[in-house]
Amino acid sequence: MNYKKLIPRLDLERLPAHVGIIMDGNGRWAARKRRPRMYGHRAGARSVRQMVELGVELKLGYITFYAFSTENWGRPEEEVQGLLKLLKEFLAKEIAELNRQNIRVNIIGSESRLDPAYLAEIREMASPTFGNTGLTVNMAFNYGGRLEIVEGIQKLFAESRDKPELIEKLSPQAFSNYLYTAGQPDPDLIIRTSGESRISNFLLWQMAYAEIYITQTLWPDFDKAAFIEALIDFQSRERRYGGVESQ
Ligand code: IPE
Ligand code: IPE
Ligand code: MG
């Protein structure tokens, strides 16, 4: 299906401000082709590129890609090393074009466990885009929702040593500014590919009122048309935020 044919079915005034994507199914996609898991991850990187292109075309504000979770360290060493390398290769290959398109690339996640030299290198690679004002692409790498909240609490406590009112006057909204996504709108839509109905420690705090869309499609097969289908589905939802119908 040519994705362009689907665009007229979208209300461009009511697009989600922020879309979070749990990119799952790379391993199963590779297994179906009798190829190693890394083959699936590399194919998955091409899907990321497609989603970013569509994000720019539709003028979306924020997309967060879940690329490596704090639990993914438990995978075989070869796969872990492959995924670390793939992020670097992706940035090396794409950053100039992303920058040209005015995209801001943020790497969000914990610094724990990552080699400081590696961390410095990927930050440096993304840094030319930091002043950009178009689509923000968050690459959630070494990301865990629970760890993000814990690190947020640690930051807050450190700051509160000479400002106790930060704790006394803390609100959910104020706490959001201690998360990796500080200053960004919460995701309105979370997409998970490959059929699993779980959150797997993604954006736990931020997704309080997100709409969740699960598709059987494996991540490397998730294309622009599939993304638009998810957006159309999102637009059919009635969001009530705890209120009653069409308040
Ligand atoms: C998602 O694909 C990518 C990462 C978690 C890095 P998987 O590698 O989880 O693929 P499946 O779930 O084994 O098919
Ligand atoms: C979630 O996928 C993490 C990423 C997409 C990076 P997983 O494949 O790691 O999640 P589980 O193990 O199925 O919950
Ligand atoms: Mg998986």
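Ligands are counted one by one from 1 in listed order, and the atoms in each one are counted from 1 as well.
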Inset, instruction - Could you tell me which atoms of ligand 1, counted from 1 in the order shown, lie closer than 4.0 angstrom to a heavy atom of Met23? - result: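 Numbered from 1, ligand 1 contributes 1 (C), 2 (O), 3 (C).
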Inset, instruction - Check the side chains of Tyr178 and Glu159 for a donor-acceptor pair under 3.5 angstrom, ignoring hydrogens and angles. - result: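 A pair is found: one side chain offers a donor N or O, the other an acceptor, under 3.5 Å apart.
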Inset, instruction - Measure the distances from the heavy atoms of Gly25 to every atom of ligand 1 and state whether one is below 4.0 angstrom. - result: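 For ligand 1, residue contact (heavy atoms, under 4.0 Å) with Gly25 is present.
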Legend entry - Shortest reach to atom 10 (O) of ligand 2 by a heavy atom, considering only Arg192, Arg28, Glu71: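 The residue whose heavy atom sits nearest atom 10 (O) of ligand 2 is Arg192.
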Legend entry - Sub-4.0 Å atoms of ligand 2 with respect to non-hydrogen atoms of Phe68: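 That gives atoms 6 (C) of ligand 2.
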Legend entry - Tyr66, any N or O under 3.5 Å of ligand 2 N or O: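 No - when backbone and side-chain N and O of Tyr66 are compared with those of ligand 2, no distance drops under 3.5 Å.
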Legend entry - ligand 2 N/O within reach of Asp24 N/O, cut-off under 3.5 Å: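 Yes.
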What residue and atom, counting heavy atoms only, is the protein's closest point to [atom], and at what distance?
{"atom": "atom 2 (O) of ligand 1", "answer": "Asn26 N, 3.2 Å"}
{"atom": "atom 9 (O) of ligand 2", "answer": "Asn72 ND2, 3.0 Å"}
{"atom": "atom 7 (P) of ligand 2", "answer": "Arg75 NH2, 3.7 Å"}
{"atom": "atom 13 (O) of ligand 1", "answer": "Arg37 NH2, 3.0 Å"}
{"atom": "atom 14 (O) of ligand 2", "answer": "Ser200 OG, 2.6 Å"}

With heavy atoms under 4.0 Å as the rule, classify the contact between [X] and ligand 2 as side chain, backbone, both or neither.
{"X": "Phe202", "result": "neither"}
{"X": "Ala67", "result": "backbone"}
{"X": "Arg198", "result": "side chain"}

Inset, instruction - Determine how many protein N/O/S atoms sit closer than 2.8 Å to the Mg ion (ligand 3), leaving waters out since they are not shown. - result: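 For the Mg ion (ligand 3), the figure is 1.
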